[in-house]
Amino acid sequence: MRDTHSIHKNWFFCQGLQKTNQMPEQCQRIEIPHNAVDVPFNYFNEQDLHQDFTYYYPLACHENDLVKQQIMRFEGVMCNAHVYVNGVLVQQYSDGFTPFDVHLTPHLHVGENLIVVTLSGVENPNIPPFGGMIDFLCFPGIYRDVSVASFDAVRIENIKVETCNVLTQPSVNLKVMLQELAPYTGPLNLTFTLVDPDGESIATEQWSVATVTSEALELNVFSLDKVQLWDLDSPKRYQVEVTLSGMNINDCYRTLFGFREAEFTVEGFYLNGSRRQLIGINRHQSYPHVGYAMGKRAQQLDADIIKYELGFNLARTSHYPQSPYFLDRCDEIGLLVFEEIAGWQHIGDKAWQQKSIENVAAMVKRDWNHPSVILWGVRINESPDDHDFYTQTNAMAKRLDSTRQTGGVRCIQNSEYLEDVYTMNDFILTDSQLNPAAAVNLRSPQNVTGLDNPVPYLVTEYAGHMYPTKRHDCEVWQNEHVMRHLKVLDASFANPNISGAIAWCLFDYNTHRDFGSGDKVCYHGVTDAFRVPKFAAYVYSSQQSPDNGVVIKPVTYWTRGERPEAKALPLVILTNCDYVDVQVGSGESRRFYPDRGRFAHLPHPPIVIDQMNQGDLPLGDWGYTWSDLKLSGYVNGEKVMETELSASPVPTQLEVTVQTTELNAHCGDTTRVVLKALDQKGHLMPYFQDVVRVEVSDNLRLIGPGALSMEGGVASFWVRAYQGGQGSIQIQSQVFALENIELMVKECLVEKKDNKEVQHG
Ligand code: GAL
């Protein structure tokens with residue numbers, strides 16, 4: 001049987017390219033996932049990342065271990081990994097975003113063995129995405145999980161589950177890839193079991209093959225009467241289990257998948273036969289201070305924020321394949337994914353292109369069973385046309401997975417249409433377009449494609465560098481940021497030929513000196529780098545049904561003197577209420593309705609109170625008394641929310657939000673802590689400043705510095721668990737009372753049995 005162990009602990013790390021047959025003394029003991037360079041929040045030199053590093057893992061083997069075939073799997077190493085076993089180079093893998101396996105056994109002996117991994121943060125122009133300028137950083141390290149599994153002479157290397165006719169006569173088509181790890185000539189038996197979302201085994205079948213073959217074994221199986229669909233609101237997943245047996249051969253492979261039909265058409269995107277307007281967000285995979293090295297819980301949190309907090313239904317993994325934990329979570333919660341290969345504007349020489357074609361294969365083979373993945377991105381983001389290259393990337397994706405459409409993100413009009421979906425970054429919304437009377441906020445698809453007929457079309461980026469915004473930027477700036485997101489979103493809803501639009505981007509990210517605000521940060525997010533929302537985030541959350549959470553977010557700091565000329569209007573209120581009653585001070589309350597005139601296509605247009613419609617709200621002028629604001633939101637005639645903004649906010653409470661207080665030791669588990677300075681009405685104080693000091697118990701590590709300034713009233717950080725036992729986080733502020741967070745860290749061994757995670761608590 002297959003026996004898989006995650007190996008997070010007992011790794012050693014050294015800077016530079018070190019000996020590959022012996023561990024130097026100065027090595028530091030570390031845990032995986034690991035970032036080779038700790039990065040300040042901003043104002044660092046990105047050259048610090050451009051170095052080589054060496055990792056060591058001592059592996060003890062007993063005689064019994066050598067009877068088996070040991071395979072070490074690396075989920076993500078940035079980048080150009082060379083793996084040595086007892087001094088012998090066994091594997092080289094350049095891509096930093098997809099996994100690779102190392103067959104250890106032929107190089108192992110009884111006793112202590114040494115696995116050595118060298119990697120490089122140097123932006124090697126021979127390896128995609130490098131060679132040109134890129135607007136993001138690639139952070140070196142063994143930054144995703146590593147595991148070791150033992151097999152018999154033949155193993156199941158991969159499984160592809162294809163579903164057919166899911167809406168009419170559902171069936172499953174299975175492909176099983178076997179791998180011969182040691183010579184084997186006997187027959188093999190396979191058993192296939194299908195388990196429904198309730199855990200019931202609903203079908204099983206057996207078949208035999210004369211012996212191992214390098215061709216995929218295909219099984220056209222199972223017509224099923226009825227299936228539970230994978231859909232956005234009810235993402236049901238089934239499991240396929242395949243067992244393999246032969247002479248001294250036993251293996252078992254399980255994978256989850258879903259029954260769903262996803263198709264981009266000229267009339268938009270259809271999921272299970274229903275048109276779904278795609279409201280998407282671009283996600284990088286970086287985090288402050290540790291770059292890419294964050295474990296399962298942090299990856300899952302991003303998916304949860306995208307779907308539940310912000311209300312998007314699609315994430316684009318810009319600009320590379322991302323953590324399997326992120327994708328698993330998207331499957332689990334019903335969040336669609338557009339996944340793409342690594343690259344940014346630059347296409348290298350033929351050898352580089354060949355690597356990129358291989359990257360398509362690696363991405364597709366890793367992720368073909370994810371129901372959330374609806375589109376493969378097979379172009380280098382925003383690169384020029386290259387007929388031969390892109391014919392090959394498309395062909396590779398199609399050969400491996402004919403069930404999904406391809407796209408390829410471009411920014412050049414009339415570029416060659418080789419994919420199924422014309423995916424275009426549309427940054428047309430510039431100052432000249434901000435005239436409220438301007439009708440067109442997105443390019444016409446037919447102008448973009450230059451084709452005679454309409455084709456499936458998706459806007460893959462907008463906003464971003466056209467209007468960088470910090471979470472604590474002034475109110476005028478925030479309003480403009482919000483307006484731009486509203487306008488493009490409205491325009492994407494307006495044209496039925498546009499399947500939807502994907503905003504740039506989820507959070508502020510570290511980047512090269514050639515981009516961003518001079519401090520190595522692009523402030524393009526709808527949230528800050530710690531995923532704390534800016535006002536623009538509520539453009540999206542307010543598009544959800546109030547059943548999923550009522551939103552009333554006035555885009556204001558509610559002061560007399562924040563805006564030029566002491567103007568409080570226009571006051572934009574992002575809301576999914578039918579109407580909102582607005583009361584200023586003790587004045588009479590006035591009722592305002594969503595602005596369906598200007599934002600006719602949005603499910604929930606904002607309310608815009610301006611000079612024309614304000615009536616007699618007692619706002620006064622410079623020199624007049626400034627009063628509290630009360631907003632009461634109604635849905636179906638019922639008051640569903642009331643919120644008040646103070647005319648005279650004073651710091652009243654330090655709101656402490658902790659993602660979880662139960663962590664697992666030794667697997668890169670983290671909890672996010674967000675501290676917010678709130679006033680007496682529970683609102684964030686955008687110009688509040690304080691220094692908070694954070695201390696954690698010995699079994700935890702604070703990610704980032706121990707003294708944090710509260711920028712825009714907020715300080716956030718992640719804490720990572722190491723040893724098991726009780727833990728604590730202490731937060732000391734100059735203004736608020738001492739806070740102490742108690743945590744429990746479970747000393748657990750995460751293991752994978754038969755491809756399924758087993759936790760020994
Ligand atoms: C796009 C690019 C993104 C990001 C964005 C900023 O051109 O594809 O990676 O740089 O601009 O708005």
Side-chain angles (χ1 to χ4, degrees), residues 472 474-476 478-479 482-483 486 533-539 541-563 565-596 599 604-655 676-688 712-714:
H472 49 278
C474 69
E475 192 176 307
V476 171
Q478 302 289 349
N479 266 281
V482 160
M483 273 300 160
L486 279 169
K534 303 176 187 174
F535 282 101
Y538 297 89
V539 167
S541 58
S542 63
Q543 301 311 319
Q544 299 186 87
S545 154
D547 295 343
N548 295 342
V550 175
V551 177
I552 302 181
K553 187 70 182 174
V555 187
T556 178
Y557 297 153
W558 196 244
T559 71
R560 161 82 76 220
E562 162 72 5
R563 297 196 201 183
E565 300 171 29
K567 285 182 175 149
L569 301 180
L571 173 61
V572 174
I573 304 172
L574 300 165
T575 185
N576 49 9
C577 291
D578 298 339
Y579 51 84
V580 170
D581 285 349
V582 177
Q583 188 183 12
V584 177
S586 55
E588 259 185 60
S589 153
R590 299 267 168 254
R591 184 157 291 178
F592 292 90
Y593 290 87
D595 187 346
R596 296 198 190 281
F599 301 98
H604 296 284
I607 289 171
V608 183
I609 306 175
D610 56 22
Q611 294 296 348
M612 304 294 285
N613 68 0
Q614 68 145 317
D616 53 358
L617 279 182
L619 290 167
D621 208 340
W622 190 242
Y624 284 70
T625 307
W626 185 245
S627 310
D628 291 356
L629 174 74
K630 186 155 126 187
L631 305 172
S632 311
Y634 292 79
V635 174
N636 297 328
E638 255 183 59
K639 194 200 266 192
V640 287
M641 188 187 261
E642 190 174 278
T643 179
E644 282 185 71
L645 281 80
S646 171
S648 174
V650 287
T652 308
Q653 189 205 339
L654 183 70
E655 184 190 72
K676 285 189 184 167
L678 303 185
D679 66 18
Q680 65 276 37
K681 306 262 188 208
H683 287 285
L684 182 67
M685 293 187 293
Y687 297 129
F688 179 83
V714 181

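What you are looking at is a predicted structure, and each value in this text was computed from that prediction instead of being measured. All values below come from the heavy atoms of this structure, side chains included, with hydrogens, waters and symmetry mates left out.
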Contact summary for Val584 and Ser627, nearest pair of heavy atoms: CG1-CB, 4.2 Å
Verdict with supporting geometry, Thr556 and Glu475, side chain to side chain contact (heavy atoms under 4.5 Å, CB included): CA-CA 6 Å; Thr556 178; Glu475 192 176 307; 3.3 Å; yes
Side chains of Val555 and Met483 in contact at under 4.5 Å (non-hydrogen atoms): no
Residue pair Val640 / Pro546, side-chain heavy-atom distance below 4.5 Å: no
Glu588 with Arg590: basic N within carboxylate O range, under 4.0 Å: yes
Tyr624, OH atom: more than 12 neighbouring heavy atoms under 6.0 Å: no
Minimum-distance pair of heavy atoms, taken over all atoms of Thr559 and Glu562: OG1-CB, 2.9 Å
Student check: side-chain heavy atoms of His472 and Pro686 closer than 4.5 Å: no
Residue pair Tyr557 / Gln478, side-chain heavy-atom distance below 4.5 Å: yes
Worked check of side chain to side chain contact (heavy atoms under 4.5 Å, CB included) between Asp581 and Lys639: CA-CA 10 Å; Asp581 285 349; Lys639 194 200 266 192; over 6 Å; no
Heavy-atom closest contact (Asp610 atom, Pro570 atom, distance): CB-CB, 4.2 Å
Over all atoms of both residues, closest heavy-atom pair of Pro605 and Asp595: CB-O, 3.6 Å
Separation of Asp628 CG from Glu644 CD (nearest 0.5 Å): 6.5 Å
Closest approach of Ser646 to Gln680 (non-hydrogen atoms, all atoms of both residues): OG-NE2, 3.1 Å
Gap between atom CG of Leu631 and atom OG1 of Thr575 - 0.5 Å precision: 9.0 Å
Arg560 side chain vs Ala568 backbone, donor-acceptor pair below 3.5 Å: no
Distance, nearest 0.5 Å, that separates CD1 of Ile552 from CD of Glu642: 9.0 Å
Lys567 atom NZ, over 12 foreign heavy atoms within 6.0 Å: no
Heavy-atom side-chain contact between Ile573 and Phe592 under 4.5 Å: no
Heavy-atom side-chain contact between Asn576 and Val550 under 4.5 Å: yes
Heavy-atom check, side chain of Ser542 versus side chain of Lys553, under 4.5 Å: no
Pairwise distance NE2(His604) to SG(Cys577) - rounded to 0.5 angstrom: 9.5 Å
Check: Asp679 side chain, Met685 main-chain N or O, donor-acceptor pair, under 3.5 Å: no
Asn548: side-chain contact (heavy atoms from CB on, under 4.5 Å) partners, not counting sequence neighbours: Gln544
Short side-chain to backbone donor-acceptor contact, Asp578 and Glu638, under 3.5 Å: no
Centroid-centroid distance, Tyr634 to Tyr593, less than 6.0 Å: no
Spatial distance of atom CD (Gln543) from atom CG (Leu486) [nearest 0.5 Å]: 7.0 Å
Donor-acceptor under 3.5 Å (Trp626 side chain, Gly620 main chain): no
Closest non-hydrogen atom pair between Val582 and Leu629, with its separation: CG1-CD1, 3.7 Å
pair Phe599-Pro606: side-chain heavy atoms closer than 4.5 Å: yes
Reported CG-to-NZ distance for the pair Leu645 and Lys630, which is rounded to 0.5 angstrom: 12.5 Å
